[in-house]
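In what follows, a structure is listed as structure tokens, so that the remarks can point back to it.
The basis for the numbers below is simple: all heavy atoms, side chains too, and nothing from hydrogens, waters or symmetry mates. Treat the numbers as computed from the prediction; the structure is a model and nothing was measured.
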Amino acid sequence: MLRRYKVRDGEPPLAMVTAYDAPGARFAVDAGVDLILVGDSVGTTLLGYESTVPVTLDDILRHTRAVRRGAPTAHVVADLPFMTYQVSDEQAIANAGRLIKEGGADSVKLEGGVALASRVAAIARAGVPVVGHIGLTPQTAGLLGGFKVQGQEFESARALIDDAIAVEQAGAYMLVIEVVPSALVELVTERVAIPVIGIGAGAGCDGQVLVLHDLLGIEDRHAARFVKRYATLATDMRAGIAAFASDVRSGAYPAAEHTYKMKSSVLAELRDSLERERS
Ligand code: KIV
């Protein structure tokens with residue numbers, strides 16, 4: 001069904017969010033999103049890394065299992081982390097297979113265009129649905145000159161279109177495009193039959209994805225221009241923790257309604273027995 005999904009069919013764009021744990025996945029489903037991504041952004045959102053590079057397959061497996069437990073029927077895409085698919089077709093197929101079999105993902109996502117198309121083809125041939133990811137590819141951002149808008153010059157714009165077509169022809173059923181001018185993404189979206197999900201790529205896509213921590217404002221450090229904050233949870237979280245610490249220090253917590261009672265007869269018997277032991 002998703003393979004045929006194009007906004008020009010008259011449907012609203014797809015809404016995709018990242019999730020890394022069971023509650024996040026449950027909230028996403030309750031909120032009615034179409035797709036959940038267990039992104040390697042878990043490295044920067046939850047694990048305290050500066051980039052996605054250190055994230056391991058075991059990290060993604062653990063978080064994918066948690067997401068699957070929280071959202072048993074959602075469409076879950078799991079990221080293949082850096083260096084879990086670049087080495088060989090065999091490595092890529094084995095690791096993609098683990099995310100499906102052990103993690104419970106429906107499909108895997110990997111970064112790269114023309115250069116990685118043969119890998120997309122190998123994984124898809126092995127029976128694992130693949131999502132491509134082109135434009136700004138965070139795992140190799142260093143090679144792209146950092147976290148910059150991609151495809152602004154003729155050569156790089158042409159290359160992005162070639163990347164999209166190569167990934168589609170290799171058998172990907174969906175494509176994520178990150179931080180690219182909106183006019184360029186419109187050209188891509190028109191030229192591929194698979195759904196194009198944008199992040200920082202404007203409105204001319206078949207769907208949009210954002211990192212949950214960005215859209216909820218769980219992380220309130222610098223955010224990219226494309227991030228829209230729909231909540232300011234970092235402020236609420238700090239205030240909540242500070243109020244708890246203050247209540248503990250003042251004795252306001254725990255109050256009677258937070259404590260458990262014991263029968264007075266049992267307490268009296270216990271006191272007697274302790275008294276007898278002492279004398
Ligand atoms: O890891 C992630 O969250 C992603 C999105 C930015 C698309 O790949």
Side-chain angles (χ1 to χ4, degrees), residues 16 18 20 35-45 47 49-57 59-61 63-64 76-89 91-96 98-100 103 105 107-124 128-151 156-157 159-180 184-185 188 192 194-201 205 207-211 224 226:
M16 183 183 203
T18 65
Y20 315 104
L35 303 145
I36 294 177
L37 170 64
V38 185
D40 58 358
S41 51
V42 69
T44 50
T45 52
L47 302 180
Y49 297 131
E50 288 299 319
S51 79
T52 56
V53 170
V55 174
T56 65
L57 193 77
D59 290 330
I60 297 291
L61 269 173
H63 290 282
T64 304
V76 174
V77 182
D79 257 347
L80 277 164
F82 185 54
M83 281 302 146
T84 65
Y85 59 93
Q86 284 90 345
V87 175
S88 65
D89 285 354
Q91 180 211 32
I93 293 168
N95 287 332
R98 288 191 67 194
L99 292 179
I100 304 291
S107 63
V108 301
K109 174 166 82 59
L110 62 87
E111 296 182 8
V114 171
L116 268 297
S118 61
R119 213 62 94 217
V120 172
I123 298 172
V128 175
V130 186
V131 179
H133 182 159
I134 61 171
L136 176 60
T137 45
Q139 293 174 9
T140 48
L143 294 175
L144 304 172
F147 285 79
K148 288 192 190 148
V149 183
Q150 302 297 304
S156 57
L160 187 101
I161 294 174
D162 293 344
D163 282 341
I165 292 169
V167 168
E168 177 184 37
Q169 286 178 350
Y173 75 97
M174 192 161 68
L175 186 59
V176 168
I177 302 192
E178 183 163 356
V179 191
V180 165
L184 174 56
V185 172
V188 172
V192 294
I194 56 177
V196 174
I197 309 292
I199 172 162
C205 308
Q208 299 291 327
V209 57
L210 276 181
V211 167
F226 62 79

Which distance, rounded to the nearest 0.5 Å, do you find between the [atom1] of [X] and the [atom2] of [Y]?
{"X": "Ile194", "Y": "Tyr173", "atom1": "CD1", "atom2": "OH", "result": "10.0 Å"}
{"X": "Asp59", "Y": "Asp40", "atom1": "CG", "atom2": "CG", "result": "10.0 Å"}
{"X": "Leu116", "Y": "Glu111", "atom1": "CG", "atom2": "CD", "result": "9.0 Å"}
{"X": "Asn95", "Y": "Ile60", "atom1": "CG", "atom2": "CD1", "result": "11.5 Å"}
{"X": "Leu136", "Y": "Phe226", "atom1": "CG", "atom2": "CZ", "result": "8.0 Å"}
{"X": "Asp79", "Y": "Ser41", "atom1": "CG", "atom2": "OG", "result": "7.0 Å"}

Quiz item: Who pairs with Gln86 by side chain to side chain contact (heavy atoms under 4.5 Å, CB included), at least two apart in sequence or on another chain?
Solution: Phe82, Met83, Gln139
Self-check item: CA sep, side-chain torsions, deciding dist, call: Lys109, Leu37, side-chain contact (heavy atoms from CB on, under 4.5 Å)
Solution: CA-CA 9 Å; Lys109 174 166 82 59; Leu37 170 64; 3.8 Å; yes
Self-check item: Test side-chain contact (heavy atoms from CB on, under 4.5 Å) applied to Ile161 and Leu184, step by step
Solution: CA-CA 8 Å; Ile161 294 174; Leu184 174 56; 4.0 Å; yes
State, yes or no, whether a side-chain contact exists between [X] and [Y] at a heavy-atom distance under 4.5 Å.
{"X": "Leu144", "Y": "Gln150", "answer": "yes"}
{"X": "Leu99", "Y": "Leu80", "answer": "yes"}
{"X": "Leu110", "Y": "Val130", "answer": "yes"}
{"X": "Val77", "Y": "Val108", "answer": "no"}
{"X": "Ile197", "Y": "Gln208", "answer": "no"}
{"X": "Val149", "Y": "Val180", "answer": "no"}

If you look at every heavy atom in [X] and [Y], which pair is closest and at what distance?
{"X": "Ile177", "Y": "Ala201", "answer": "O-CB, 3.7 Å"}
{"X": "Ala170", "Y": "Ala124", "answer": "O-CB, 4.2 Å"}
{"X": "Val114", "Y": "Asp163", "answer": "N-OD1, 2.8 Å"}
{"X": "Ile134", "Y": "Gly113", "answer": "CG2-CA, 3.9 Å"}
{"X": "Val128", "Y": "Ala96", "answer": "CG1-CB, 4.1 Å"}
{"X": "Thr64", "Y": "Ala78", "answer": "OG1-CB, 3.7 Å"}

Is [X] reaching over with its side chain to a backbone N or O of [Y], donor-acceptor style, under 3.5 angstrom?
{"X": "Glu178", "Y": "Val176", "answer": "no"}
{"X": "Glu168", "Y": "Ala164", "answer": "no"}
{"X": "Arg98", "Y": "Leu61", "answer": "no"}

Quiz item: Does one side chain, of Thr137 or Thr140, offer a donor that lies under 3.5 Å from an acceptor on the other?
Solution: yes
Quiz item: Between Tyr20 and Thr18, is any side-chain donor less than 3.5 angstrom from a side-chain acceptor?
Solution: yes
